[in-house]
Amino acid sequence: MKYDFTNIEKKWQAKWEETKPYAAVTGDPRKKFYGLIEFPYPSGQGLHVGHPRPFTAMDIICRKKRMQGYNVLFPIGFDAFGLPTENYAIKNHVHPAIVTKQNISRFTQQLKMLGYSFDWDRVVDTTDPQYYKWTQWIFLKLYEKGLAYKTTMPVNWCTSCKCVLANEEVVNGVCERCGSEVVRKEKSQWMLKITEYAQRLIDDLDDVDYIERVKIQQRNWIGRSTGAEVNFTTTAGDVLKIFTTRCDTLFGATYMVLAPEHEFVKKWKPLITNYQEVEAYVEEAARKSDFERAELNKEKTGVMIQGVRAINPVNGKEIPIFISDYVLVTYGTGAIMAVPAHDTRDWEFAKKFGCEIVEVVAGGDVEKEAFTLKDDTGILVNSGFLNGLTVKQAIPVMEKWLEEQKLGKQKVNYKLRDWVFSRQRYWGEPIPMVYCEKCGWVPLPESQLPLLLPNVESYEPTDTGESPLSKMTDWVNTTCPHCGGPAKRETDTMPQWAGSSWYFLRYMDPHNDKELASKEALDYWSPVDWYNGGMEHTTLHLLYSRFWHKFLYDIGVVPTKEPYQKRTSHGMILGEGGEKMSKSRGNVVNPNDIVDQYGADTMRLHIMFIGDFEKAVSWSNEAVKGSKRFLDRVWNLADCCTNSEEISEKNESIIHKTIKKVSEDIDELKMNTAIAALMTMVNEFYANGCSKGDVRILLLLLSPFAPHMVEELWEILGFADATGKMACQQEWPAYDPAKTVDAAVEMAVQIGGKLRGTIQVPVGSDQETVVSVALNNEKIAKFAEGKSLVKVIHVPNKVVNLILK
RNA sequence: GCCGGUGUGGUGGAAUAGGUAGACACAAGGGACUUAAAAUCCCUCGGUGGCAACACUGUACCGGUUCGAGUCCGGUCACCGGCACCA
């Protein structure tokens, strides 16, 4: 009997499609399990070999959960808005919706080919108006609660694509796609106030089970820091606010620096005697991209403002004010007090511009370099009432003093910025807002959702940086929902991250046309029990969707504070030789080729066997053979096993051990060692001979990994019972802990910590027995000759260490 | 620069409450079967020495703790990922 994987896989995929054994049932009394993978972007290239890694892992987890009696929701969908489709449409003069449809159909076919146990009746497509109606609805709610606002922002502009880029689309200062120069451009943008949720996004990480590096990366990205806001009066008669984490060094503040964009620069214009020079610097800074500004970290630049000085509040000294682009307008107050003695950047600047350097923390040589201690080793000097204190002691004393003098207060700052939410692109969700000369920005009433994306003649971006939608005057010109007068629609669309920020909720109730999902479905399925995805989404999608979910929680739509209970992450699949797979390198592996040559079960098994799930691994076409060979060996067992339905005695121990190992490893995402254990068991079956009953257990354990082959063998061996249940509907096998232990064990015998031999002893032998067996062993006795036993270290069943003298 | 991770045979990788390093595979070499090839099966496979038994050595490098260290601690180097003038 030959293992004809092609026909077997076709047969069972058709059967699953027909009988739907993987359907999730809302409200079912069984315990629920919601396993989620990041839904793919349906690119024109089709499925990449990187996709099956996380997909197969979660499929295995979900298949096992079903066999363990859970009601499992394992859905799939498509994150289909986005620029590659739009660019393809422009180039080939096809509507992006048609391209999307084709791509989704190709992806669907490929995903089905791999035998994933998705509930195909719950497919979600972010470009479907019935879906993006609710994306728009959430935006309206955000607007209603004051969390969406429009403001003018400098953005990244690609000179060749004539298009705004997100920060993550700018790589080393050039456009990620075309390699052209990226410049800054001021544009009016819709923004979402994610910063309002900064603290909760940090705090609630304590309540979820995410792998540590995800939590750390999110915390770093949000970047909380505590310090003080301090008021400096100026000779212009106003108050300049700064933020510092080192208010203990206030006596050492010898000058101040404003970001070039700081509002006071313009405000002080009449007082500044060198305004031309200042203005020139401001203009120069504006012309630079963020990348160029960051690149210039070797040499500090700046201009001193003549005509206005600040007063250090602790000693009344007049100090100069500079503008320099090493101060960022977007962080803190956009202004700093400079303490050159104790800050590297201030020190560099001071050296170049000849500013005074005053040591206020003893312990370094501030003429040579800044003494920037972060710990508690320095002692305050030249600091009046702080003298003699350590830094740690001085900070609260100074904070208290500032508060008493009404000169400042404790303050928390975050690096996190509000989310730039508009894109000048066609292929995205229209933002449901209307601008009326009389009423300003007016939200569309809910009854007018979805606001459909109109058909345009050309999706080409414009030279002016307006969205292609702006040319659709019929669509743009509308009436104000508020006053009924003439008004214009917003022509920017939402970023790709919008649709993916809530898709997991739609899966719970995908066909609901009254709400984004029913309360019943949300209550039943929330939260996602296990979400696996890429590290590259940690600070984008994962953070954005947590933010939206918290907002939906606040307005009473969802029942949980956090969307995902558990988050894990997979490593990348690299090409042979450890290089990134790319078209230009020509090392891209297409899953179709592997499936054609070896079958989907081999593909699934191999992608799991290949290495540690969390780490990057290189793909090897050669190594796939080993996984295929293993499945062949399993297949051939059906021909050579005895007819007994009982578990054979000689295999009992390995069977129980393997059930334990495979069960535990799947839960810990250690698929590679689970498969190794199955291989070991099969090797033993060949060595010992095996019964049909033995093979039955093997098939159950293997079924999440190689579902097609297992179903076929299940049928061939006649395991299908009267109810006609498939292997995937059977109960997951249980093990007897007592039977996972052998009667006898091999123990290592060390002498003075050095391995000198091994002995066989009954399991659980006591020290006395072990020592006596060891000393009676010829090989070991040799080493013990003429010496006396001083000490014995006995680790039951593992090792005995004899110390001799 | 800061944060995080990793470093084990020719290759992918096993092994952590500190307890026989190299499980399971791939490749390679040898053999069986075959007219032949493929497939399959058996054997060898970290290094050095030895016919062998065996000995010594070995988990990036240096040092420490311990009866015992791939695993813990201190330091160094290399690579990968993230952030990057965040005051």
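All of these numbers come straight from a predicted model, not from anything done at the bench. Basis for what follows: all heavy atoms, side chains included, without hydrogens, waters or symmetry-related copies. Each chain gets a letter, A, B and so on, in the order the sequences are listed, and its residues count up from 1.
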Length of the line joining [X]:[atom1] and [N]:[atom2], which is rounded to integer Å:
X: A:Y331; N: B:A87; atom1: OH; atom2: C1'; result: 7 Å
X: A:K615; N: B:U8; atom1: NZ; atom2: C1'; result: 11 Å
X: A:K628; N: B:U40; atom1: NZ; atom2: C1'; result: 12 Å
X: A:H606; N: B:C26; atom1: NE2; atom2: C1'; result: 9 Å
X: A:I323; N: B:A87; atom1: CD1; atom2: P; result: 22 Å
X: A:E668; N: B:U16; atom1: CD; atom2: C1'; result: 13 Å
X: A:F613; N: B:C24; atom1: CZ; atom2: P; result: 24 Å
X: A:F322; N: B:A87; atom1: CZ; atom2: C1'; result: 17 Å

Within the 4.0 Å heavy-atom criterion, would you say [X] contacts the bases, only the backbone, or no part of the nucleic acid?
X: A:G752; result: sugar-phosphate
X: A:R633; result: sugar-phosphate
X: A:N683; result: sugar-phosphate
X: A:R219; result: nothing
X: A:V617; result: sugar-phosphate
X: A:S620; result: nothing
X: A:F609; result: base
X: A:N636; result: nothing
X: A:I803; result: sugar-phosphate
X: A:D612; result: sugar-phosphate
X: A:S627; result: nothing
X: A:A616; result: sugar-phosphate
X: A:I610; result: sugar-phosphate

Check this for me: does any side-chain nitrogen of one of [X] and [Y] sit under 4.0 Å from a carboxylate oxygen of the other?
X: A:E622; Y: A:K625; result: yes
X: A:K409; Y: A:E399; result: no
X: A:K657; Y: A:D742; result: yes

[X] side-chain proximity, nearest of [options]:
X: A:K791; options: B:C67, B:C83, B:A14; result: B:C67
X: A:I793; options: B:C26, B:G19, B:G82; result: B:G19
X: A:F243; options: B:A14, B:G68, B:A87; result: B:A87

Kindly say if [X] contacts the phosphate of [N], meaning a side-chain N or O under 4.0 Å from OP1 or OP2.
X: A:N672; N: B:A25; result: no
X: A:Y326; N: B:A87; result: no
X: A:K754; N: B:U57; result: yes
X: A:R213; N: B:C3; result: no
X: A:S618; N: B:G12; result: no

Decide whether [X] and [Y] meet the rule of one side-chain donor and one side-chain acceptor closer than 3.5 Å.
X: A:N636; Y: A:Y686; answer: no
X: A:R417; Y: A:T195; answer: no
X: A:N683; Y: A:T680; answer: no
X: A:Y544; Y: A:T539; answer: no
X: A:H570; Y: A:E614; answer: no

*asked:* Checking one value: the base orientation of B:G63, syn if chi is within 90 degrees of 0, otherwise anti.
replied: anti
Does [X] get its side chain close enough to the base of [N], under 3.5 Å, for a donor-acceptor pair?
X: A:K415; N: B:C83; answer: no
X: A:E746; N: B:U20; answer: yes
X: A:Q750; N: B:G19; answer: yes

*Quick one: the dot-bracket string of RNA chain B, using Watson-Crick and G-U wobble pairs with both distances under 3.5 Å, [ ] for crossing pairs and | for bases paired to another strand.*
(((((((..(((......[....))).(((((.......))))).((((....))))..(((((..]....))))))))))))....
*Using the ring of A:Y598 (Phe, Tyr or Trp, six-membered ring only), decide whether A:K628 places NZ or CZ under 6.0 Å from its centre and within 45 degrees of its axis.*
no
*Hey, which sits more toward the 5' end of RNA chain B by its nearest nucleotide, A:G611 or A:G334?*
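Final value for this comparison: A:G611.
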*Between A:T330 and A:N220, which has a closest nucleotide on RNA chain B that is more 5'?*
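Closest to the 5' end, via its nearest nucleotide, is A:N220.
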*What integer number of Å spans the P atoms of B:G5 and B:G74?*
13 Å
*asked:* Is the distance between the ring centroids of A:Y255 and A:F349 under 6.0 Å?
replied: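 Here the rings of A:Y255 and A:F349 have centres that are less than 6.0 Å from each other.
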